[in-house]
K.L.:
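Let me begin by handing over the structure; questions about it come next.
Computed from a predicted model, the values in this text were never measured in an experiment. Proteins come first, then strands; the chains are lettered A, B, ... in the order of their sequence lines, and each starts at number 1.
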Amino acid sequence: MTDQIEHKIQVFNTLTGKKEDFVPLSGKTVKIYACGPTVYDSSHLGHARKEIVWDTVQRYLRFLGYDVIYVRNITDVDDKIINRAKERGIGPDRLAREYTYAFWRDMDALNVASPDFEPRATEFISQMISFVQDLIKKGHAYESGGDVYFDVASFKDYGKLGKQNLEQLLVGAREQVIAQETLSQLKKSPVDFALWKSAGKEELGWPSPWGRGRPGWHLECSTMVKHILGDTIDIHSGGEDLVFPHHENEIAQSEALHEKPLAKYWLHNGFIQVSSEKMAKSLGNFKTIQDLLEQYSADAIRIFVLQTHYRNPIDFSPESLAAVKAGLSRLIRAANLSQVENENGNHSVISPDSEKVEKQFRADFEQAMNNDFNTAIAISLLYQLSDHILALKDKQVQDRNHLSALLKEYAAVLGLKLTDRRKVVDTETSEKLVELLLDMRQKAKANKDFATADTIRKSLTDIGISVMDTPSGANWEAG
RNA sequence: GGCGGCAUAGCCAAGUGGUAAGGCAGAGGUCUGCAAAACCUUUAUCCCCCAGUUCGAAUCUGGGUGCCGCCUCCA
């Protein structure tokens, strides 16, 4: 048993702007930190994309045999949460809890696996305070009027992730800070960002060496990475909007303190757009996950997301999601063909042709995924395998079952369940079915065809539905 | 203004030097009392435009056009 894994995975690293060979820092252990949600509102399709993409990546790495430690945080202290809670007249902790539960429910529905660790910012306040103290000691941060700011000028690599030039940033930032006069007095430089913000007695806050306050947005991720995973991790991921300033600032804080890289690979997913504009709460053009789940299965939503490469934008339209839903039925059928085994047959014996199909499929799938997680190709391979399965004759049951199992195995790597729901009928439809039978019975009675009418009533009784004739028509109840 | 990305069939979408994956929709067929479903076959002489490099480019280079994102909260 070797502790190295022989797979030539290549990933696009935002830090270098290039596709690079993926080589974990330590054997087959892969430490991943994915920036999670700020829990102040319902999650929409854009959030779903981010979670589905990185869930799929960690599933694939585990599939290859890596020991993945996947950490995804919950941001439960933040201006947006505080403001929203104020609007609703409830405490910020209660609001955060409400949307944390909603997020978990959505993720579960989308078959997004739970992370190995899911720290909340409020659980790491004391570690964040220590982090800030250490930065002050090293001369990278300064206290000013109860706030603490990161001294961007003290970190020479600032801008390396977002490819930002400090002078250019200063031009833009100066105007904004001038607009907010108090800030311009507190900060040494307009680009300096808050590590710790002072808070009034009535506001959400914690005691600190600089007085009562709360952490800045970027601090929690740096701190939680440090305490849960260590100074340097393999993969740090998130939406592309986080590249600058969020991840840039995380790098500044962590690398100024530790003097070593925060993450080896920085991976970012593209956005969902609507009519070529980004889907965002601020634009009011979002579809919540709950809305979508009313019409589409988790499998359909995952395929919709994964049929586009994760770094490209996806233009959302109901039509394209409906197209996925239509196509998905073939995968489901191929994965759930007759499961009847030949009782005398040896299940492991399959034809050379099918063996060849299997071997080729496995190789192609892994080659696609190794190329910066090309899920679009991977999905097309699932369709091709389905065609093979559906083309097999009935007498090749063993081959068919074998390849169906193969299809399910690899679909699961993409988080697809391919559960056969074609014969599952909801309550409302069941009611309509009973009404339909009673209608036919009523017509039979009207035609004096009492034999048919009685057969219908007897058959319904046999399956547990009692029919009671009343002067105003037939009534029924189950059980 | 600075940084980055995208442009492939009616629609969605892979493909980054060797002659256009896959899905939806459409067309033809098999099956069928009719219908639907299913299954089979088929659908881009060409990849936004112009010029260049090359034996060869959707793929590389230069220029142009259009669209989008980040630089302020955002996944």
K.L.:
Yes or no on ring pair (Phe, Tyr, Trp, His ring centres under 6.0 Å) for A/Y40 and A/Y99, after CA distance, side-chain angles and deciding distance?
P.N.:
CA-CA 6 Å; A/Y40 72 104; A/Y99 285 111; 7.7 Å; no
K.L.:
How many angstroms lie between atom OG of A/S320 and atom CD of A/Q307, to the nearest 0.5 angstrom?
P.N.:
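A/S320 OG to A/Q307 CD: 7.0 Å, rounded to 0.5 Å.
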K.L.:
Between A/G36 and A/S329, who's closer to the 5' end of RNA chain B by nearest nucleotide?
P.N.:
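That would be A/S329.
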K.L.:
Might you list the N or O atoms of the protein lying below 3.5 Å from N or O atoms in nucleotides 9-12 of chain B, with each pair's distance?
P.N.:
{"from": "B/C12", "atom 1": "O2'", "to": "A/Q307", "atom 2": "NE2", "distance (Å)": "3.3"}

K.L.:
Hey, which of these two, A/L390 or A/H309, hits RNA chain B nearer its 5' end, going by closest nucleotide?
P.N.:
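Here A/H309 is the residue nearer the 5' end.
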K.L.:
When you measure from the side chain of A/H47, which nucleotide among B/G2, B/A21, B/A75 comes out closest?
P.N.:
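Shortest atom-to-atom distance from the side chain points to B/A75.
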K.L.:
Roughly, in whole Å, what's the span from NE2 in A/H246 to C1' in B/G69?
P.N.:
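Distance check: A/H246 NE2 to B/G69 C1' gives 18 Å.
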K.L.:
For A/Q164 and B/G2, what is the distance between atoms CD and C1' respectively, to the nearest whole Å?
P.N.:
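Answer to the nearest Å: 7 Å.
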K.L.:
Do NZ/NE/NH1/NH2 and the carboxylate oxygens of A/R362 and A/E358 come within less than 4.0 Å?
P.N.:
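A salt bridge is present here (some side-chain N lies under 4.0 Å from a carboxylate O).
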K.L.:
Taking only the side-chain heavy atoms of A/Q273 (C-beta and beyond), determine which of B/C39, B/C68, B/C71 contains the nearest atom.
P.N.:
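Side chain of A/Q273 sits closest to B/C68.
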K.L.:
Is the phosphate of B/A14, meaning OP1 or OP2, less than 4.0 Å from a side-chain N or O of A/N312?
P.N.:
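Yes, A/N312 has a side-chain N/O under 4.0 Å of OP1/OP2 on B/A14.
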K.L.:
Nearest whole Å is fine: how far is B/A75 P from A/H268 NE2?
P.N.:
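To the nearest whole Å, that distance equals 14 Å.
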K.L.:
Students often get this wrong, so: under 4.0 angstrom with heavy atoms, is A/E51 touching a base, only sugar-phosphate, or nothing?
P.N.:
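No contact.
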K.L.:
Think A/R311 has a side-chain N or O under 4.0 angstrom from the OP1 or OP2 of B/G5?
P.N.:
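The answer is no; no side-chain N or O of A/R311 sits under 4.0 Å from OP1 or OP2.
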K.L.:
Salt bridge check, A/K80 against A/D41: does any charged N sit closer than 4.0 Å to a carboxylate O?
P.N.:
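So A/D41 does not pair with A/K80 through a salt bridge.
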K.L.:
Under the criterion of centre distance below 5.5 Å and interplanar angle below 30°, is A/F271 classified as stacked on the base of B/G69?
P.N.:
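A/F271 vs B/G69: stacking no.
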K.L.:
OP1, OP2 of B/G15 versus side-chain N and O of A/N374: anything below 4.0 Å?
P.N.:
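A/N374 to B/G15 OP1/OP2: side-chain N or O found under 4.0 Å.
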K.L.:
When you get a sec, tell me which of B/C3, B/G69, B/C71 is the closest nucleotide to the side chain of A/E240?
P.N.:
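Minimum distance to the A/E240 side chain belongs to B/G69.
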K.L.:
Would you call A/D116 and A/R72 a salt bridge, taking side-chain N to carboxylate O under 4.0 Å as the test?
P.N.:
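Result for this pair is no, no salt bridge flagged.
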K.L.:
When you check the phosphate oxygens OP1 and OP2 of B/G22, does a side-chain N or O of A/R330 lie under 4.0 Å from one of them?
P.N.:
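Indeed not, no polar side-chain atom of A/R330 lies that close.
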K.L.:
Please report the distance, rounded to the nearest Å, between CD1 in A/I379 and P in B/G23.
P.N.:
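It works out to 12 Å between those atoms.
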K.L.:
Measure the distance from CG on A/L267 to P on B/G4 and round it to the nearest whole Å.
P.N.:
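Checked: the CG to P distance equals 19 Å.
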K.L.:
What is the nucleic acid contact for A/G270, judged by heavy atoms within less than 4.0 Å: base, sugar-phosphate only, or nothing?
P.N.:
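Base: the residue A/G270, judged by heavy atoms under 4.0 Å, touches a nucleobase.
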K.L.:
Can you confirm whether or not the ring centre of A/W54 sits under 6.0 Å from the ring centre of A/Y310?
P.N.:
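Centroid separation for A/W54 and A/Y310: below 6.0 Å.
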K.L.:
Measuring centre to centre across the rings, with the benzene-like ring taken for any Trp, is A/Y410 within less than 6.0 Å of A/F63?
P.N.:
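Here the rings of A/F63 and A/Y410 have centres that are less than 6.0 Å from each other.
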